Amino acid sequence: VYKFILRKVHMEPRVTIIGAGLAGSECALQLAARHIYVDLYDMKPSKMSPAHHSPNFAELVCSNSLKSLKLESAAGLLKHELSMLGSYLMKFAFQAQVPAGGALAVDRDVFSRLVTCALEQNPFITIHHQEVVDIPQGNVVIAAGPLCSDGLFNQLISYLGSSSLSFFDAAAPIVDVESINFDLVFKQSRYAHSCACDTQSAAQGDYLNCPFTKDAYLAFYHELINAKRAISKDFEQKDLFSACQPVEEVARTGVDSLRFGALKPVGISYPKNHPHLHINTSGAAFTRPYAVCQLRSENSQRTAYNLVGFQTNLLWGEQKRVFRMIPGLEEAEFFRYGVMHRNSFVDAPKCLDTTFKIPHTKIRLAGQITGTEGYTEAIASGLFAALNTYCELMDHPSIQLPVTGAFGSLVAYATNPQTSTYQPMHVNFGLMPVLEHRIKSKADRYKAYALRAETDLSAYIQNHPELIIESVVQDVATLNNVCG
């Protein structure tokens, strides 16, 4: 009997996952759902990266938004695909959802606690709170994220035989709702009707709007581009992933760059009786601000709001001085200042196969370290890594998602050896094969892309029953009762 037990323990498939961020957490839960034992390593809380603040897993760093929910957008399509594939973290995201117009934004703390509890309660997952600097033997998924430790990343590069690439990423500041001046700030989603707002009614809205007059904007712009930075260098475009460029770097490209970007006033109008609303000499009303800074709720209680598009590299004292020039934030109290940190990723087209595996090894990568940029993309890559690791253990053919889909097309781009000057990439319709018939209307064209993607993925799932675990829904329901 003793020999039988030893033999059984030895034969049980086991996978090591390094990193309990979005990708690693999704990967661990998916493997565990298939009765694969997982050793999950994360250096929290004994060692924290420069951008992390919470000891919990799956922490959202830069923003609390997982972007659009609309099926006819690439970001919304990806969420739909993840739901079709039984993603755990997408279910948790919807449970931690806070209002954000047409986007999926979450209460960071609630979301992270749900994921952490799910991992801790799973009998197939053993959590190790320690840093990994040596890649272990056996099946390994490295989901350490773009902020993985230098030791691990250097060893990973020795396996890859190729130089790493890196870029800088930045996070936006968060302010206390009680410190916002609601004599100037009003709630309104873009292209929606506005309404009068106070602290209490702010707790019922989606976006808060801080409206600039032309004079206020120009004064703010001048101080912003001349403020002192934490990392004192002039960044080149190649150093910065476009979606997370510091607001001051965007501003340096031109005086109106923010008015056509993060501070665009399109679709926003002053509410009735707003102090900035006035009539010119011809009797016409100025109904639209010159520029608008939008604030998005950080939690379900709406006690904290982040400055949308205000990722920054400014010194904390300069952030307080300059960002208090935003109308309505004159006395703003900051729960968190913006931070900037180095993100690293590998040259996936040259280093990885079509399953994000390092050729001739048992090491697979997942998350933003592969260059698939974005929260939802990280969740998808964790699920993708789990499916292919499971198929490898079970001697099944590898999973090759349809290239007509949001994530399938991103994987195809990221692992295509012909992809040159590889840079982090979100899902987008530009990566998908063109439609068979040209559709002139962009809205109708995107709907056609989404319909084709859904049809192709449904057919693929039907032909690959190993993709879906029916217990996922029951597992999440059970965890809700356990984790609250």
Side-chain angles (χ1 to χ4, degrees), residues 62-63 170-188 190 194 197-199 202 205 207-232 234-235 244-271 274-278 286-298 303-340:
C62 294
S63 167
I174 299 172
V175 298
D176 182 353
V177 70
E178 296 291 340
S179 66
I180 296 173
N181 177 10
F182 286 105
D183 291 335
L184 293 178
V185 175
F186 57 94
K187 72 173 182 179
Q188 184 185 135
R190 206 172 294 277
S194 62
C197 186
D198 55 25
T199 303
Y207 287 88
L208 301 182
N209 298 274
C210 305
F212 285 89
T213 62
K214 182 176 181 179
D215 289 344
Y217 175 82
L218 292 176
F220 170 77
Y221 172 82
H222 180 268
E223 294 302 317
L224 178 65
I225 62 173
N226 290 293
K228 296 178 182 178
R229 291 167 286 174
I231 300 176
S232 183
D234 290 317
F235 293 101
C244 287
Q245 286 198 50
V247 64
E248 63 272 13
E249 298 301 327
V250 177
R252 291 177 202 285
T253 63
V255 66
D256 286 323
S257 55
L258 293 178
R259 291 185 62 239
F260 288 89
L263 300 185
K264 62 179 178 289
V266 177
I268 301 295
S269 59
Y270 285 121
H274 191 278
H276 288 179
L277 183 67
H278 64 282
F286 289 97
T287 60
R288 191 172 81 180
Y290 188 76
V292 171
C293 170
Q294 288 199 305
L295 311 180
R296 183 176 57 228
S297 176
E298 274 288 314
T303 58
Y305 280 78
N306 72 62
L307 281 63
V308 177
F310 270 68
Q311 297 88 353
T312 183
N313 173 41
L314 298 184
L315 291 169
W316 287 4
E318 290 289 78
Q319 290 183 46
K320 183 176 182 178
R321 179 182 68 85
V322 175
F323 295 158
R324 279 186 166 184
M325 295 179 68
I326 297 172
L329 301 186
E330 298 86 357
E331 302 294 331
E333 295 296 331
F334 292 84
F335 283 137
R336 187 191 75 185
Y337 288 104
V339 294
M340 193 161 188

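What's counted below: heavy atoms across the whole structure, side chains too, no hydrogens, waters or symmetry copies. Because the structure is predicted, anything quoted here is derived from the model rather than measured.
- Distance check: K320 NZ to L314 CG gives 15.0 Å after rounding to the nearest 0.5 Å.
- With rounding to the nearest 0.5 Å, the separation of CG in L263 from OH in Y290 is 11.5 Å.
- Using a 30° and 60° split on the angle between ring planes, H276 and H274 fall in the perpendicular class, above 60°.
- N209 places a side-chain N or O within 3.5 Å of a backbone atom of Q188 that can act as its donor or acceptor partner.
- S269 and F186 get closest at one heavy-atom pair: O-CE1, 3.5 Å.
- Taken from CG in L307 to OG1 in T312, the straight-line distance is 10.0 Å, to the nearest 0.5 Å.
- When all heavy atoms of L184 and P211 are compared, the closest pair comes out as O-CD, 3.5 Å.
- In terms of heavy-atom proximity, A251 sits nearest to I225 at CB-CG2, 3.7 Å.
- Each of V175, L329, L224 was scored for a side chain to side chain contact (heavy atoms under 4.5 Å, CB included) with F323, with one residue passing: L224.
- Aromatic ring pairs are classed by plane angle as parallel below 30°, tilted from 30° to 60° and perpendicular above 60°; the pair F212 and Y217 is perpendicular.
- Closest approach of P265 and P289 over heavy atoms only: CB-O, 3.2 Å.
- Partner of R229 under the side chain to side chain donor-acceptor pair (under 3.5 Å) criterion, out of E249, E248, E318: E249 alone.
- Between the side chain of R336 and the backbone N or O of A172, at least one donor-acceptor pair lies under 3.5 Å.
- Paired with M325 under the rule side chain to side chain contact (heavy atoms under 4.5 Å, CB included), one option of E330, H222, E223 passes, and it is E223.
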Worked check of side-chain contact (heavy atoms from CB on, under 4.5 Å) between V177 and F182: CA-CA 10 Å; V177 70; F182 286 105; 3.9 Å; yes
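- Summarising the geometry, atom SG belonging to C210 is positioned 6.5 Å from atom CD1 belonging to I326; distances are rounded to the nearest 0.5 Å.
- Remark: I268 CD1 to T287 OG1 distance equals 11.5 Å, nearest 0.5 Å.
- When every heavy atom of V308 is checked against every heavy atom of Y207, the shortest pair comes out as CG2-CE2, 4.2 Å.
- Listed here is the closest heavy atom pair of E333 and R324: OE2-NH2, 3.4 Å.
- Considering CG of N313 and CD of Q319, their distance stands at 9.0 Å, rounded to 0.5 Å.
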